[in-house]
Amino acid sequence: MQLRGILTTARSDEPTAPLRQTGRARGEADLVNLWAGQTYPLVRDLPAAELVRRIDTEARTALRAALSAVNRPGPPTAQP
């Protein structure tokens, strides 16, 4: 199935099926899921514990900023 020149997952999945099947049989995870989407540059090569710590820190920082904006007197201002 193709929509306006963009391959859908079902269509792009077909040509790689044998490669992924071989990867599953060999236990090679790198060959099983071959699509990354548009945000692959955001991938971080970190141990899981460090990744969770960073996500926690980033989430807490974002929540503090949001709460600060909500509790600020006056009309809301645009943030860059």
Side-chain angles (χ1 to χ4, degrees):
M1 174 185 209
Q2 193 166 359
L3 303 174
R4 289 187 235 150
I6 300 172
L7 288 174
T8 62
T9 302
R11 182 70 178 263
S12 62
D13 196 39
E14 294 169 15
T16 61
L19 183 61
R20 291 180 295 102
Q21 183 178 11
T22 300
R24 276 192 296 278
R26 293 180 181 175
E28 296 180 30
D30 291 348
L31 297 177
V32 176
N33 295 312
L34 301 175
W35 47 88
Q38 295 177 335
T39 59
Y40 72 90
L42 299 177
V43 171
R44 301 169 184 175
D45 187 15
L46 304 168
E50 177 61 22
L51 178 61
V52 171
R53 275 191 291 278
R54 286 187 185 193
I55 291 171
D56 177 66
T57 300
E58 291 171 11
R60 289 174 187 272
T61 300
L63 286 170
R64 273 191 227 96
L67 285 172
S68 175
V70 168
N71 293 327
R72 187 178 304 127
T77 58
Q79 299 292 322

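We number each residue from 1, following the sequence as shown. Just so we're clear, the structure is a prediction, and the values are computed from it rather than from any experiment.
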Gln21: partners by side chain to side chain contact (heavy atoms under 4.5 Å, CB included), with sequence neighbours left out: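 Checked Gln21 against side chain to side chain contact (heavy atoms under 4.5 Å, CB included); matches are Arg24.
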Which residues end up grouped with Leu46 if you chain together Ile, Leu, Val, Met, Phe, Trp and Tyr wherever their side-chain heavy atoms are less than 4.5 Å apart? Leu51, Ile55
According to side chain to side chain donor-acceptor pair (under 3.5 Å), who are the partners of Asp56, at least two apart in sequence or on a separate chain? Arg60
Would you please name every residue forming a side chain to side chain donor-acceptor pair (under 3.5 Å) with Glu50, sequence neighbours left out?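 Glu50: side chain to side chain donor-acceptor pair (under 3.5 Å) contacts with Arg53, Arg54.
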Name each donor-acceptor pair under 3.5 Å that joins a side chain in residues 61-68 to protein atoms two or more places apart or in another chain, with its distance.
from: Thr61; atom 1: OG1; to: Thr57; atom 2: O; distance (Å): 2.9

